[in-house]
Undergrad: 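Dropping a structure here in structure tokens format, bear with me for questions.
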Amino acid sequence: MLSSEVLLDADGVVVEDVSCPGHGPGWSADEPVTRFGVVFPRAGVFRRRVDGVESVIDPVSGYVQRPDSEQRIAHPTGGDRCTSISMPASALVSLVGDDRLPGGRADLALAIDPSVDLHHRELVARARRGAETDELAERAMAMLGGVLTSLAPNAIGAGFPSGAERRRRLVDEVRQALHEEPGLGLTELARRVGLSPFHLSRVFKQACGLTISSYRTRLRVRRALERLGEGEQDLARLAVDTGFADQAHLTRRVRSETGDTPGRLRALLTRSAV
């Protein structure tokens, strides 16, 4: 059953920690959306359908929610956990202007870069530590404004020409497969979607702005960040569990993505100071 914990509700800004255990691969009933917002997944993978358009959502991506739209969710494997940040449209206009409010197909997935991912995780940690409301609201508004003003270039699939919906769906299949089996190689991924490895590599980078290997690494790093936020102490075990060769490999990749070490990030992201 879906559960939501409100971490902040001030000045029209609502930050929620949303968890869903998953209800299987079938589609949920229609869920109405009432506020503008951005959802940042922290763990798990799910499929989302809005206005007949489907997208795969994972910890390397996020999405914009538009009021007066309806969504359906399917969980191909397990559940998910997300951070939701929402505001009334009137408040967003003051941040990004009328012409930058998302519309049309803005519900498609967004690529979330490492700095934005780290900032939303830090926001959750700061809220749980009891940070002042003004600070949290300012952080949340800055994140929403930044994501929305850069919406177009960060939309996964936005680079496809009209009529290339099939290629976007193939890329989504690959992203879902990487979540379920992170070790799958390029040849096997290409076989599963019926493309040559060269063609898949080119199409995937066009859609996501990353090579498949880079996307895989980013997904592993974000799984590691989620565990660090839960207080994981054993970095050697964390490295094995998240698909890195050893602790040194984990540390190098985490530092490359975030600019910081796993130990420092654990202190930053845990619910209470350590």
Side-chain angles (χ1 to χ4, degrees), residues 17 19 22 40-46 56-62 75-83 109-125 154 156 171-193 197 200-201 204-205 207-272 274:
D17 182 358
S19 297
F40 303 89
R42 304 204 306 274
V45 63
F46 56 97
V56 168
I57 309 297
D58 63 17
V60 184
S61 62
H75 289 88
T77 172
D80 65 85
R81 190 166 190 178
C82 303
T83 306
L110 308 174
I112 302 298
D113 69 33
S115 63
V116 173
D117 178 72
L118 186 57
H119 287 158
H120 94 80
R121 293 174 187 273
E122 185 179 3
L123 173 64
V124 171
N154 286 338
I156 292 180
V171 169
D172 274 356
E173 287 182 32
V174 171
R175 292 172 55 225
Q176 182 175 321
L178 286 173
H179 177 88
E180 296 169 358
E181 299 180 69
L184 287 175
L186 176 60
T187 300
E188 174 60 19
L189 289 168
R191 186 193 65 77
R192 291 192 179 195
V193 297
L200 173 59
S201 180
F204 191 94
K205 187 171 183 180
C208 300
L210 296 169
T211 64
I212 290 175
S213 60
S214 295
Y215 196 96
R216 186 199 324 273
T217 297
R218 184 161 291 180
L219 187 60
R220 285 171 168 164
V221 167
R222 294 191 183 175
R223 285 176 169 168
L225 291 179
E226 184 68 4
R227 288 271 296 273
L228 290 169
E230 294 169 354
E232 177 64 68
Q233 297 289 325
D234 190 338
L235 296 183
R237 181 177 64 186
L238 178 62
V240 172
D241 289 350
T242 51
F244 294 100
D246 51 33
Q247 182 176 333
H249 187 206
L250 166 70
T251 299
R252 286 196 305 273
R253 292 302 189 186
V254 168
R255 187 193 290 272
S256 175
E257 280 280 301
T258 69
D260 221 331
T261 64
R264 286 177 58 86
L265 289 168
R266 179 175 55 223
L268 180 72
L269 300 176
T270 47
R271 296 188 177 193
S272 58
V274 295

Undergrad: Could you tell me how the ring of His75 sits relative to the ring of Phe46: parallel (under 30°), tilted (30 to 60°) or perpendicular (over 60°)?
TA: tilted

Undergrad: Tell me the closest heavy-atom pair linking Phe204 and Val174, and the distance in Å.
TA: CE1-CG1, 3.7 Å

Undergrad: Determine whether Asp260 and Leu118 make a side-chain contact, defined as any pair of heavy atoms from C-beta on separated by less than 4.5 Å.
TA: no

Undergrad: Between Ser61 and Arg175, which heavy-atom pair has the shortest distance, and what is it?
TA: OG-NH2, 3.0 Å

Undergrad: Could you pull out the closest heavy-atom pair between Thr258 and Leu265, with the gap in Å?
TA: OG1-CD1, 3.4 Å

Undergrad: Over all heavy atoms of both residues, which pair between Leu269 and Ala125 is shortest? Give the atoms and the distance, please.
TA: O-CB, 3.3 Å

Undergrad: Using a distance-only test with no angle check, is there a side-chain donor-acceptor pair under 3.5 angstrom linking Asp113 and Ser115?
TA: yes

Undergrad: Can you list everything that forms a salt bridge (Lys or Arg N to Asp or Glu O under 4.0 Å) with Asp241? Sequence neighbours excluded, please.
TA: Arg227

Undergrad: Not counting sequence neighbours, list each pair that qualifies as a salt bridge (charged side-chain N to carboxylate O under 4.0 Å, His left out) and has a residue in residues 247-258.
TA: Arg218-Glu257

Undergrad: Could you go through the side chain to side chain contact (heavy atoms under 4.5 Å, CB included) check for Leu228 and Leu235 one step at a time?
TA: CA-CA 9 Å; Leu228 290 169; Leu235 296 183; 3.9 Å; yes

Undergrad: What pairs with Arg81 under salt bridge (Lys or Arg N to Asp or Glu O under 4.0 Å), at least two apart in sequence or on another chain?
TA: Asp17

Undergrad: Residues in salt bridge (Lys or Arg N to Asp or Glu O under 4.0 Å) with Glu226, at least two apart?
TA: Arg42, Arg121

Undergrad: Which residue pairs pass the ring pair (Phe, Tyr, Trp, His ring centres under 6.0 Å) test with at least one member in residues 220-247, sequence neighbours excluded?
TA: Phe244-His249

Undergrad: Once rounded to the nearest 0.5 Å, what's the spacing between atom OG1 of Thr187 and atom CZ of Arg191?
TA: 10.5 Å

Undergrad: Output the distance between atom CG (Leu178) and atom OG (Ser213), rounded to the nearest 0.5 Å.
TA: 10.0 Å

Undergrad: Which residues satisfy the salt bridge (Lys or Arg N to Asp or Glu O under 4.0 Å) test with Asp246, sequence neighbours excluded?
TA: none

Undergrad: Where do Ile57 and Pro41 come nearest, in terms of heavy atoms and distance?
TA: CG2-CG, 3.2 Å

Undergrad: Taking everything shown except Arg192 itself, do over 12 heavy atoms lie less than 6.0 Å from its CZ?
TA: yes

Undergrad: Which pair of non-hydrogen atoms, one from Pro59 and one from Leu219, has the smallest distance, and what is that distance?
TA: CD-CD1, 3.8 Å

